[in-house]
2 protein chains.
Amino acid sequence: MSKQRKLPLYVQIKNKLVNNIKEGVWQPGEAIPSESQLIEQYNVSRTTIRQAIQDLVQKDVLETRRGAPTRVKEEPQVDKGNPGIIHKEIGTNMEVKVLRFEKLKEHYYAKYQLDLEEDEEVYVLERLRIADSKPIAYQQLYLPIPIGEVVKGVASDVFDIFPVLGQHNIHHSNIQEMVSGSNATQYVADLLGIIPGEALTDIERTTVGIDDKPIEYSRTKYIPNAFMYRMEIGK
Amino acid sequence: MSKQRKLPLYVQIKNKLVNNIKEGVWQPGEAIPSESQLIEQYNVSRTTIRQAIQDLVQKDVLETRRGAPTRVKEEPQVDKGNPGIIHKEIGTNMEVKVLRFEKLKEHYYAKYQLDLEEDEEVYVLERLRIADSKPIAYQQLYLPIPIGEVVKGVASDVFDIFPVLGQHNIHHSNIQEMVSGSNATQYVADLLGIIPGEALTDIERTTVGIDDKPIEYSRTKYIPNAFMYRMEIGK
DNA sequence: GACGATTTGTCCGTATGTATA
DNA sequence: GTATACATACGGACAAATCGT
């Protein structure tokens with residue numbers, strides 16, 4: 001710990017603050033001690049405390065408001081959904097219908113995306129996403145076995161599997177998506193009630209967990225005007 | 001501009017710095033005056049100068065290194081495609097064809113998106129994006145007058161206007177995009193050589209500059225299988 | 001390579017403004 | 001209205017990295 005001594009004071013303070021949050025001393029949403037209190041506690045200047053706090057505000061760990069106490073951010077920032085991405089399916093009455101849910105031995109590309117070994121199995125889940133009784137998307141999800149087991153019971157109940165995974169402490173840290181166009185095959189067209197050859201908007205997604213292991217590889221084919229994809233980048 | 005007086009000093013300084021960059025007084029890669037010089041020039045304390053600079057470092061506008069002069073970033077951030085966004089138009093031989101380029105008095109929604117006053121004019125640029133002699137997209141760009149003047153000369157030569165704007169020291173800090181589906185109108189279908197009613201992938205984009213003023217609002221309608229949109233988020 | 005001047009980074013203390021509770 | 005909190009702004013000091021001579 002002697003190396004700590006070489007770190008700037010404000011970084012040391014920052015680490016202490018983060019530790020208090022990690023250890024649950026200060027819960028999300030809770031106020032942390034005021035600047036004056038921290039000055040006394042750590043025996044440093046206001047500048048130092050403020051620099052530490054400002055850094056953490058920047059990282060979305062803390063939240064400051066003039067006049068009000070500084071608080072720990074509600075969102076644990078790891079799993080804040082999609083930083084700046086919104087998928088919106090247009091409709092009011094949403095359902096999902098499971099077409100298929102089984103283990104697969106052979107599916108090279110999915111296994112490649114999920115970084116699985118040649119002899120490992122993979123779960124495949126095919127669903128129809130339905131809005132107001134009309135199918136709007138055909139979705140294929142490929143899941144590693146442990147993830148699949150979690151999803152198994154709820155595949156037909158939940159529209160989005162991530163909250164469920166979150167409940168099982170499976171969190172993602174990285175999402176990669178590819179949006180492109182394709183033409184409906186006969187099979188998909190029949191499922192979606194459209195004409196073969198009609199254009200679809202495809203979303204191909206690979207999700208990686210906080211342990212850097214893939215969680216999910218999926219392909220979803222949307223009827224274009226039943227779907228909206230919104231994105232914001234930058235600062 | 002008396003409202004400026006109510007802004008914190010460091011924000012005023014920040015704006016002045018950004019203006020110098022925008023006006024090309026300080027070119028990308030170049031050093032800006034030292035803190036001591038800025039203190040003299042603006043007659044404020046070091047704290048104030050530093051806060052302004054730190055804010056811009058945070059926004060990737062400036063770059064500081066202990067011991068070395070502070071410089072304007074070479075690539076004012078987002079220009080190169082940002083935290084993992086790739087738009088790919090599928091084809092080898094790319095062209096653009098300008099259909100229309102003129103000032104508009106009336107276009108409420110575009111003005112709203114561009115944060116313009118009721119009586120201000122707006123440039124509208126309509127182009128056809130062509131790959132291998134086949135039209136793949138119909139694009140409408142709405143630009144504030146000063147931006148439009150810059151684009152004016154090159155509208156038919158460049159596929160992407162941002163590098164051009166970059167050369168004129170107009171840089172963006174924020175992009176918001178909406179991807180959705182639509183059906184081709186008769187007008188657009190004729191332009192793209194498709195059948196009316198066929199599905200298109202729409203990209204609606206609002207781009208904001210480093211001075212927080214909107215640069216561009218655009219709508220592009222792509223033939224789905226001529227276009228790919230790839231995105232990565234997370235750490 | 002060494003050295004001094006310059007520049008940014010860290011840290012202290014203090015004072016005042018302004019929003020919140 | 002009062003007290004408390006963070007936000008802004010000033011000033012000074014020394015450390016550490018860089019750069020030109």
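What you are looking at is a predicted structure, and each value in this text was computed from that prediction instead of being measured. Proteins get letters first, then strands, A, B, ... in listed order; numbering begins at 1 in each.
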### Task
Scan side-chain atoms only and decide if Q140(B) and Y217(B) contain a donor-acceptor pair under the 3.5 Å cut-off.
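No pair is found: no donor N or O on one side chain lies under 3.5 Å from an acceptor on the other.
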### Query
Does the side chain of Y42(A) come under 3.5 Å of the side chain of Q12(A) through a donor N or O and an acceptor N or O?
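No donor-acceptor contact under 3.5 Å links the two side chains.
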Measuring from the side chain of [X] (C-beta onward, heavy atoms only), which nucleotide among [options] has the closest atom?
{"X": "S45(A)", "options": "dC6(D), dG13(C), dT7(C)", "value": "dG13(C)"}
{"X": "R66(B)", "options": "dC6(D), dA9(D), dT10(C)", "value": "dT10(C)"}
{"X": "A68(B)", "options": "dC19(D), dC11(C), dA7(D)", "value": "dC19(D)"}

Separation of [X] atom [atom1] from [N] atom [atom2], in whole Å?
{"X": "E63(A)", "N": "dA7(D)", "atom1": "CD", "atom2": "P", "result": "11 Å"}
{"X": "E40(B)", "N": "dT6(C)", "atom1": "CD", "atom2": "P", "result": "13 Å"}
{"X": "I53(A)", "N": "dA5(D)", "atom1": "CD1", "atom2": "P", "result": "12 Å"}
{"X": "E35(B)", "N": "dA5(C)", "atom1": "CD", "atom2": "C1'", "result": "16 Å"}
{"X": "I39(A)", "N": "dC12(C)", "atom1": "CD1", "atom2": "P", "result": "10 Å"}
{"X": "Q54(A)", "N": "dG9(C)", "atom1": "CD", "atom2": "C1'", "result": "17 Å"}
{"X": "Q58(A)", "N": "dA7(D)", "atom1": "CD", "atom2": "P", "result": "13 Å"}
{"X": "L38(B)", "N": "dT7(C)", "atom1": "CG", "atom2": "C1'", "result": "12 Å"}

### Task
Fit a plane to each ring of F227(B) and Y229(B), take the angle between them on a 0 to 90° scale, and name the class: parallel (under 30°), tilted (30 to 60°) or perpendicular (over 60°).
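Plane angle between 30° and 60°, so tilted.
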### Task
Let me know, please, whether T64(B) or V44(A) comes out on the 5' side of the other along DNA chain C by nearest nucleotide.
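This one resolves to T64(B).
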### Task
Would you classify T47(A) as touching base, sugar-phosphate or nothing, given that sugar-phosphate means primed atoms plus P, OP1 and OP2, and contacts are heavy atoms under 4.0 Å?
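Contact class for T47(A): base.
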### Query
Hey, does R65(A) reach any base, or is it just sugar-phosphate, or nothing, if we go heavy atoms under 4.0 Å?
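Sugar-phosphate: the residue R65(A), judged by heavy atoms under 4.0 Å, touches backbone atoms but no base.
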Side-chain N or O of [X] versus OP1/OP2 of [N]: is the shortest distance under 4.0 Å?
{"X": "R46(A)", "N": "dG13(C)", "value": "no"}
{"X": "Q51(B)", "N": "dA9(D)", "value": "no"}
{"X": "T48(B)", "N": "dC10(D)", "value": "yes"}
{"X": "T70(A)", "N": "dA5(D)", "value": "no"}

### Message
Regarding E35(A) and R50(A), does a basic nitrogen lie under 4.0 Å from an acidic carboxylate oxygen?
### Response
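Salt bridge between E35(A) and R50(A), a charged N being under 4.0 Å from a carboxylate O: yes.
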### Message
Only pairs with both distances under 3.5 Å count, Watson-Crick or wobble alike; so what is the partner of dG1(D) in this structure?
### Response
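Base-paired to nothing in any strand shown.
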### Query
Between D115(A) and V208(A), is any pair of side-chain heavy atoms under 4.5 Å apart?
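Heavy-atom side-chain distance check fails, nothing below 4.5 Å.
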